[in-house]
Amino acid sequence: MERKVKEEAMESITQRLSTLDNLYFPRALQSSAADPSHRKSILHDLLSRDVPVFLERYGSKLTSDELHEFDVLNDDYEVNWHLKHLRSKLNPTSEELKSRSVTVKNRRRAYLDKLICDGQYFSEDAMREREPYLHHEYLGRFQDLSGRSMARPGERWSETLLRRCEEARLVARIREEQQRLGVAQKDWVGNETNPQQEEEEEEEEEEEEEEEEEEEDEDEDEDEMKMENGGDHGKEMLLDPPAASATVEQHEEAPSAEEMQDRMDQFTYIMHQKFLSGEDHEHLDYSKIDDDETLDDHWLREANHDAEEKYFAED
């Protein structure tokens, strides 16, 4: 008597899977699978005809109890292999966890190389959009912020407006982080274009000018009195000039081109590490990267290349 999965289990499994989003279907069946009412029949038909293929496609979506329903087919080599492989993912041993960790690490490094070669994901603009405050600390505070809002050659007005809106959003995110970290308000990004602050600074400058004029008038009166009292004392003052004011504001010098490149390299390195550690989950689907077996080919090529270099180096 041929063994098979119980009909009740097949109904339950295919019913649950048919409700999942983004479930894989072959290209020839995608038009039919677009109709939810047809998905269950497609899945049920495959499960009835070819259990190994069903487990290969949808085994990762099954629960431990659902996998148990396939134990009646343990004598089938392919089914048994799939069941062991799927259960090792659900309940991995310490060795399997360690092996999985190394595999994931290598696949992410392989994908990192692909992103670097593509050039877009780790471009300065793309990294700034993901981490605007970090970019500001390394590079942005030395760059002309107003230049980012200017129209670019060949750009439509609507595109310029959209870019300005995006720029305003990024500046707002930088200021939010500065406020959270307790950065002094005068050092907030964009404050140089704040009309209220400019008005206050102009008033302060006018007050300082008035005070300087009053001090100059008083100094002239004192000089006239001293000239009347004798010129020797005046000579001593010329030989002993007043000390420079200790309140002169020290401005941070702009880094050289070489220093800016070094800062860019540091910023890019940090962004690479953030990707490898899984911190880019808002921008990338790590499950697809970590489960992509095609990325293993990258490390096979790397291993072969390293072996060849070592062989010729020993010669």
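Just so it is clear, the structure is predicted and the values come from calculations on it, not from any experiment.
For the residue pair His85/Glu56, the side-chain donor-acceptor check at 3.5 Å is not satisfied. No donor-acceptor contact under 3.5 angstrom links the side chains of Ser256 and Glu258, judged on distance only. Between the side chains of Asp71 and His68, a donor-acceptor pair is found at a separation under 3.5 Å.
Taken together through direct or relayed side-chain contacts under 4.5 Å among Ile, Leu, Val, Met, Phe, Trp and Tyr, Trp81 and Val53 form parts of separate hydrophobic clusters. Val171 and Leu161 are assigned to two separate hydrophobic clusters, defined by single-linkage of ILVMFWY side chains at heavy-atom distances under 4.5 Å. Criterion: ILVMFWY side-chain heavy atoms under 4.5 Å apart, direct or through other members. Under it, Leu170 and Met271 are not part of a common hydrophobic cluster. Leu97 and Tyr286 end up in different hydrophobic clusters when Ile, Leu, Val, Met, Phe, Trp and Tyr side chains are linked at under 4.5 Å. Val104 and Tyr111 end up in different hydrophobic clusters when Ile, Leu, Val, Met, Phe, Trp and Tyr side chains are linked at under 4.5 Å.
Counting only distance, with no hydrogens or angles, the side chain of Ser48 and the backbone of His44 share a donor-acceptor pair below 3.5 Å. Distance alone, capped at 3.5 Å, is enough to place a donor-acceptor pair between the Tyr58 side chain and the Tyr24 backbone. Side-chain atoms of Arg108 come within 3.5 Å of backbone atoms of Leu276 as a donor-acceptor pair (strictly under, hydrogens ignored).
One finds the CE atom of Met264 at 6.0 Å from the CG atom of Leu139 (value rounded to the nearest 0.5 Å). Of the inter-residue distances, the one linking Arg87 atom CZ with Leu62 atom CG reads 10.5 Å to the nearest 0.5 angstrom. Atoms CG and CG, from Asp50 and Asp45 in turn, are 10.5 Å apart once rounded to the nearest 0.5 Å. Of the inter-residue distances, the one linking Phe275 atom CZ with His283 atom NE2 reads 12.0 Å to the nearest 0.5 angstrom. Annotation: the span from Asp262 atom CG to Gln266 atom CD amounts to 4.5 Å, rounded to 0.5 Å.
The environment of Gln120 atom CD is sparse: at most 12 non-hydrogen atoms of other residues, nucleotides or ligands sit within 6.0 angstrom. Applying the 6.0 Å contact sphere to OH of Tyr269 captures no more than 12 heavy atoms from other residues, nucleotides or ligands. A 6.0 Å sphere centred on CD of Glu293 holds no more than 12 heavy atoms belonging to other residues, nucleotides or ligands. Atom CZ of Arg49 has more than 12 neighbouring heavy atoms from other residues, nucleotides or ligands inside a 6.0 Å radius.
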Go through the steps for Arg128 and Glu167 under the test salt bridge (Lys or Arg N to Asp or Glu O under 4.0 Å), then give the verdict.
-> CA-CA 10 Å; Arg128 180 175 183 259; Glu167 180 62 24; 2.8 Å; yes

Kindly determine whether Glu96 and Lys89 satisfy salt bridge (Lys or Arg N to Asp or Glu O under 4.0 Å), including the steps that lead there.
-> CA-CA 8 Å; Glu96 288 171 337; Lys89 286 188 172 182; over 6 Å; no

Take Lys274 and Ile270 through the test side chain to side chain contact (heavy atoms under 4.5 Å, CB included) and record every step on the way to the result.
-> CA-CA 6 Å; Lys274 288 173 72 67; Ile270 292 174; 4.1 Å; yes

Chi angles and distances behind the salt bridge (Lys or Arg N to Asp or Glu O under 4.0 Å) call for Glu95, Lys98 = CA-CA 5 Å; Glu95 285 299 318; Lys98 183 178 180 180; 5.6 Å; no

Residue pair Gln178, Gln185: steps toward the side chain to side chain contact (heavy atoms under 4.5 Å, CB included) verdict = CA-CA 9 Å; Gln178 288 176 321; Gln185 185 172 355; over 6 Å; no

Hey, mind stepping through Leu90 and Thr63 against side chain to side chain contact (heavy atoms under 4.5 Å, CB included) and telling me if it holds?
-> CA-CA 8 Å; Leu90 288 174; Thr63 65; over 6 Å; no

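Between Asp291 and Arg100 there is a salt bridge, with a side-chain nitrogen of the basic residue lying less than 4.0 Å from a carboxylate oxygen of the acidic one. Salt bridge annotation for Arg173-Glu176: absent, with no cationic side-chain nitrogen under 4.0 angstrom from a carboxylate oxygen.
Of all heavy-atom pairs spanning Ser32 and His38, the tightest one is O-CB, 3.4 Å. Closest approach of Ser277 to Glu279, counting heavy atoms only: OG-OE2, 3.1 Å. Between Arg57 and Pro26, the shortest heavy-atom contact is NH1-CG, 3.4 Å. Nearest heavy atom pair, residue Val79 against residue Pro52, reads CG2-CG, 3.9 Å.
Ring geometry for Phe54 versus Phe70: interplanar angle under 30°, hence parallel rather than tilted (30 to 60°).
The ring pair (Phe, Tyr, Trp, His ring centres under 6.0 Å) test applied to His135 returns Phe267, not counting sequence neighbours.
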